[in-house]
Each structure stands twice: as structure tokens, then as C-alpha cells.
Amino acid sequence: MISKLERFPNEILLNIFSYLSWDDMLISLWSLNERINSLVCSIFSMSKNGIIVNKPGLSYRTFSSILLPLICNSLSVSSSIKYIHFGGINSTSCDLINICFFYNTNKQRIFPNLRSLYITECSLSQTLIQTLSMLIQHQLNHLTLILDKDAFNLSEDSQKHLCISNKSNQ
């Protein structure tokens with residue numbers, strides 16, 4: 001049975017969907033039917049805003065338990081995402097980055113068409129540096145990394161290594 005919503009042309013549906021945030025769009029509309037799925041993917045591929053992971057109202061739990069599995073289990077969604085923004089000084093930002101890029105146990109790229117990554121106020125860690133290095137070498141066209149002076153959290157091992165290096169250079 002065809003609903004009244006399905007009678008609308010794609011242009012009108014795209015206009016309606018543009019009022020939804022990326023997470024609300026996926027949670028509410030994904031898997032309704034192939035046409036809706038295709039429209040959602042086209043919004044992601046056309047969008048300059050991409051997905052903003054640490055947006056107000058989006059919890060770590062919702063992202064990691066609902067949205068990330070949905071994205072990772074759908075090649076059409078993950079392939080449509082070209083831009084991701086992570087932000088905020090807290091440990092969950094770095095955790096989310098690592099989960100996003102290493103969710104797949106085969107270490108396959110979850111976002112094969114990701115071209116731009118924007119990270120603000122995230123604590124530096126060895127894992128984050130390795131992840132960013134890999135993405136820069138193999139995938140990204142654009143990386144924006146904005147660090148706050150308080151974001152430089154060195155582990156005890158790094159601090160000891162730094163002290164040893166400084167002493168040996170003197």
C-alpha cells in the first residue's frame with residue numbers, strides 16, 4: 001500500500017528532511033524503504049555539514065549503541081559520509097574517534113569516502129596521533145585540528161620519555 005508520503009516528489013522530501021539533524025534522520029527514517037534510504041544517502045553526500053558527533057543532545061550511548069552500528073552495517077550510509085566533526089574537551093571525543101575508525105574488527109575503513117575531518121578541543125594521545133596519521137596518509141583531503149592548551153595531556157610514560165630525552169640532550 002502506498003502512503004501519502006510516498007507520493008511526494010523527491011525534491012519535496014529532500015526539503016522536508018533538511019529540517020532534521022543527521023542523527024534524527026537516521027534514527028527516524030532509515031530502513032523505511034529503498035527510496036527513503038536513497039534520499040538520506042543523497043543528503044549525506046551533498047551536505048557540507050556532514051555529521052557532527054558531539055552535537056548538543058546526542059549522547060555517547062545513543063551514538064555508540066544505535067547510530068554507529070547503523071552506519072557501520074550500511075555501506076550506503078557509511079560511503080555517503082564525506083565530512084565528520086568531533087568536538088569538546090572530554091575523554092569521550094577521543095574515544096568516539098577511535099570507535100569510529102576502528103569499530104570494524106577487520107580494520108577496514110568504515111568511512112571510505114571521508115575526505116574532511118574537523119576535530120576541536122580534543123586531548124592528544126598516542127592513539128589519536130596514530131589514527132590521524134593513518135587517515136592523512138590514506139584518505140583525507142582536509143584535516144582541521146584545533147587544540148586547546150589544556151588539551152595536551154601526556155601520559156606518565158610520555159612524560160618520563162620526554163625527561164630522559166631532555167637529559168640525554170644536555
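Just so you know, these numbers come straight off a predicted model, no measurement behind them.
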Of all residues at least two apart in sequence or in a different chain, which pass the side chain to side chain donor-acceptor pair (under 3.5 Å) check with [X]?
| X | result |
| --- | --- |
| Glu34 | none |
| Ser74 | Ser76 |
| Asn113 | none |

Check: Quick one: are Leu143 and Leu135 in side-chain contact, heavy atoms under 4.5 Å?
Finding: no

Please tell me if the side chains of Leu117 and Phe86 come closer than 4.5 Å, counting only heavy atoms from C-beta onward. yes

When every non-hydrogen atom of Leu114 is compared with those of Gln139, the smallest separation belongs to O-CG, 3.2 Å

Heavy-atom nearest pair, Pro69 first then Ser64, reads CD-O, 3.3 Å

Which of Ile71, Ile27, Asp23 passes side-chain contact (heavy atoms from CB on, under 4.5 Å) with Ile66? Answer is Ile27

Value rounded to 0.5 Å, distance of [atom1] in [X] from [atom2] in [Y]:
| X | Y | atom1 | atom2 | result |
| --- | --- | --- | --- | --- |
| Ser38 | Leu13 | OG | CG | 11.0 Å |
| Cys72 | Phe111 | SG | CZ | 6.0 Å |
| Ser21 | Leu26 | OG | CG | 9.0 Å |
| Ile84 | Tyr118 | CD1 | OH | 15.0 Å |
| Ser116 | Ile81 | OG | CD1 | 13.0 Å |
| Ile51 | Met25 | CD1 | CE | 11.0 Å |

Same cluster or not: Leu75 versus Leu68, using hydrophobic residues (I, L, V, M, F, W, Y) connected whenever any side-chain heavy atoms lie under 4.5 Å apart? no

* Treating Ile, Leu, Val, Met, Phe, Trp and Tyr as nodes and any side-chain heavy-atom pair under 4.5 angstrom as an edge, say whether Leu145 and Ile129 lie in one connected cluster. => yes

Test log, rule side chain to side chain contact (heavy atoms under 4.5 Å, CB included), inputs Leu20 and Ile43: CA-CA 11 Å; Leu20 297 172; Ile43 288 172; over 6 Å; no

Would you please test Leu29 and Leu39 for side chain to side chain contact (heavy atoms under 4.5 Å, CB included) and show each step? CA-CA 10 Å; Leu29 301 173; Leu39 291 172; over 6 Å; no

Donor-acceptor check, side chain of Ser18 to backbone of Asn15, threshold 3.5 angstrom: yes or no? yes

Derivation of the side chain to side chain contact (heavy atoms under 4.5 Å, CB included) call for Thr120 and His85 | CA-CA 8 Å; Thr120 58; His85 175 192; 3.6 Å; yes

task: Before giving the answer on side chain to side chain contact (heavy atoms under 4.5 Å, CB included), spell out for Val77 and Cys41 the whole-Å C-alpha distance, their side-chain angles and the decisive distance to 0.1 Å.
output: CA-CA 6 Å; Val77 173; Cys41 287; 4.3 Å; yes

| said: Over 60° means perpendicular and under 30° means parallel, so tell me whether Phe63 and Trp22 are parallel, tilted or perpendicular. | reply: perpendicular

